[in-house]
Chemist: 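First the structure, which I've put down as structure tokens, then a few questions once you've had a look.
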Amino acid sequence: MNERPLIIALDFPTGKEVSRFLDMLPEEKLYVKVGMELFYQEGPEIVQQLKSNGHQIFLDLKLHDIPQTVKLAMRGLARLEVDLVNVHAAGGSAMMQAAIEGLEAGTPAGNKRPACIAVTQLTSTSETMLKEDLLIEKGLNETVLHYAKRAYENGLDGVVCSTLEVPEIYKHMDRTFLTITPGIRMASDSLDDQVRVATPEKARGLGSSAIVVGRSITKAENPHKAYLEMKNAWEVLSV
Ligand code: C5P
């Protein structure tokens with residue numbers, strides 16, 4: 001990832017709604033995130049369509065399975081020539097290595113393999129959940145950092161994390177390790193269901209490699225204006 005992109009989360013149920021939204025940002029070549037909701041409805045065609053319109057793609061499918069299955073799934077995703085994919089770090093070291101092997105095997109000759117990042121702990125996971133549902137006695141911050149280190153050691157390119165976790169991660173990992181951070185809001189925006197949010201300026205100050213923004217843009221009265229404001233706050237100040 002050369003620059004520090006603003007990634008728009010295309011959290012829509014259908015390709016039609018994606019097109020309606022993208023028509024409002026006509027002249028922009030975007031970096032977009034396609035998640036499970038959209039991919040499971042529209043399949044690889046939505047990726048091909050977005051690519052043919054010149055957009056870069058983060059395919060956010062959060063793979064977590066036995067190493068061989070993840071390897072073969074990643075081989076297929078690399079063939080789609082997406083830019084960024086992810087796995088759950090909880091799948092373990094062998095699975096993370098298998099993900100990279102699969103991506104390398106599926107990347108067309110002469111192309112750069114998609115970057116692969118790890119989900120550490122979902123932002124919906126609480127300390128109580130860790131203890132009571134997962135029987136993990138270590139604290140949330142400790143597990144996030146441990147999973148991030150494991151991702152780094154196993155050749156992944158970065159992690160998805162909260163902006164607030166970024167400084168701690170860079171105490172242990174070098175700056176080439178990507179920190180992709182959702183939970184971004186302009187100061188005037190609604191928080192929706194996000195708790196640990198940051199403005200783009202704060203994300204930049206804390207050192208995020210990229211921000212992921214959904215509703216602040218997709219649900220804005222004027223998405224183009226909201227996108228430009230967010231992009232300006234992030235990019236102009238992130239040089
Ligand atoms: O609408 P909003 O800006 O909150 O959307 C954030 C996007 O980032 C959503 O697609 C959400 O699923 C994703 N995400 C997140 N927190 C994580 C991982 C992904 O909010 N830890």
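All ligand and atom numbering here is 1-based and tracks the order in the structure.
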Chemist: Test salt bridge (Lys or Arg N to Asp or Glu O under 4.0 Å) on E153 and K149 and set out the steps.
Modeler: CA-CA 6 Å; E153 287 158 11; K149 283 182 183 164; over 6 Å; no
Chemist: Pairs of donor and acceptor atoms involving the side chains of residues 207-218, under 3.5 Å and at least two apart or interchain, shall be tabulated with distances.
Modeler:
residue: S208; atom: OG; partner: T181; partner atom: OG1; Å: 3.0
residue: S208; atom: OG; partner: A203; partner atom: O; Å: 3.4
residue: S209; atom: OG; partner: Y170; partner atom: OH; Å: 3.2
residue: S209; atom: OG; partner: T179; partner atom: N; Å: 2.8
residue: S209; atom: OG; partner: T179; partner atom: OG1; Å: 3.4
residue: R215; atom: NH1; partner: D193; partner atom: OD1; Å: 3.1
residue: R215; atom: NH2; partner: D193; partner atom: OD1; Å: 2.6
residue: S216; atom: OG; partner: D189; partner atom: OD2; Å: 2.7
residue: T218; atom: OG1; partner: G214; partner atom: O; Å: 3.2

Chemist: Counting neighbours of NZ on K202 that are heavy atoms of other residues, nucleotides or ligands and sit closer than 6.0 Å, is the number greater than 12?
Modeler: no
Chemist: Hey, is K219 one of the residues with a heavy atom under 4.0 angstrom from ligand 1?
Modeler: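 K219: no contact with ligand 1 (<4.0 Å).
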Chemist: Ignoring hydrogens, what is the shortest heavy-atom contact between V119 and V160? Give both atom names and the distance.
Modeler: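 Looking at all heavy atoms of both residues, the closest pair is CG2-CG2, 4.3 Å.
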Chemist: Atoms of ligand 1 less than 4.0 Å from R215 heavy atoms?
Modeler: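 Listed by number with element, the hits are 1 (O), 2 (P), 3 (O), 4 (O).
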Chemist: Is there a side-chain contact between Q56 and L30 in this structure, where contact means two heavy atoms from C-beta onward sitting under 4.5 Å apart?
Modeler: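 No, their side chains stay 4.5 Å or more apart.
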Chemist: Determine, considering heavy atoms only, which of T181, D11, V160 sits nearest to atom 9 (C) of ligand 1.
Modeler: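 Ranked by closest heavy atom to atom 9 (C) of ligand 1, first place is D11.
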Chemist: Are more than 12 heavy atoms from other residues, nucleotides or ligands located less than 6.0 Å from atom NZ of K131?
Modeler: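 Enclosed: over 12 neighbouring heavy atoms sit under 6.0 Å from NZ of K131.
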Chemist: Which atoms of ligand 1 have any heavy atom of G214 under 4.0 Å away?
Modeler: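 Close to G214: 1 (O), 2 (P), 3 (O), 5 (O).
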Chemist: I'd like to check whether D60 has a polar contact with ligand 1, where a contact means an N/O of the residue lying under 3.5 Å from an N/O of the ligand.
Modeler: no
Chemist: Starting from atom 6 (C) of ligand 1, find the nearest protein heavy-atom neighbour and note its residue, name and distance.
Modeler: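 Protein heavy atom at minimum distance: Q194 NE2, 3.8 Å.
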Chemist: Looking at atom 21 (N) of ligand 1, what's its closest protein heavy atom, distance included?
Modeler: T123 OG1, 3.2 Å
Chemist: Report whether V159 and L156 are members of the same hydrophobic cluster (ILVMFWY, side-chain heavy atoms less than 4.5 Å apart, transitive linking).
Modeler: no
Chemist: Test: ring pair (Phe, Tyr, Trp, His ring centres under 6.0 Å). Region: residues 148-169. Which pairs qualify, not counting sequence neighbours?
Modeler: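 Qualifying pairs: Y152-F177.
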Chemist: Tell me: protein heavy atom nearest atom 19 (C) of ligand 1, and distance?
Modeler: P182 CG, 3.9 Å
Chemist: Should R185 be counted as touching ligand 1, given the test is an N or O pair under 3.5 Å?
Modeler: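 Yes; the residue has a nitrogen or oxygen that sits under 3.5 Å from a nitrogen or oxygen of the ligand.
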Chemist: Would K33 count as a contact of ligand 1 if the rule is a heavy atom under 4.0 Å away?
Modeler: yes
Chemist: Pairs of nitrogen or oxygen atoms closer than 3.5 Å, one from V213 and one from ligand 1: do any exist?
Modeler: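 Such a contact does not occur with ligand 1.
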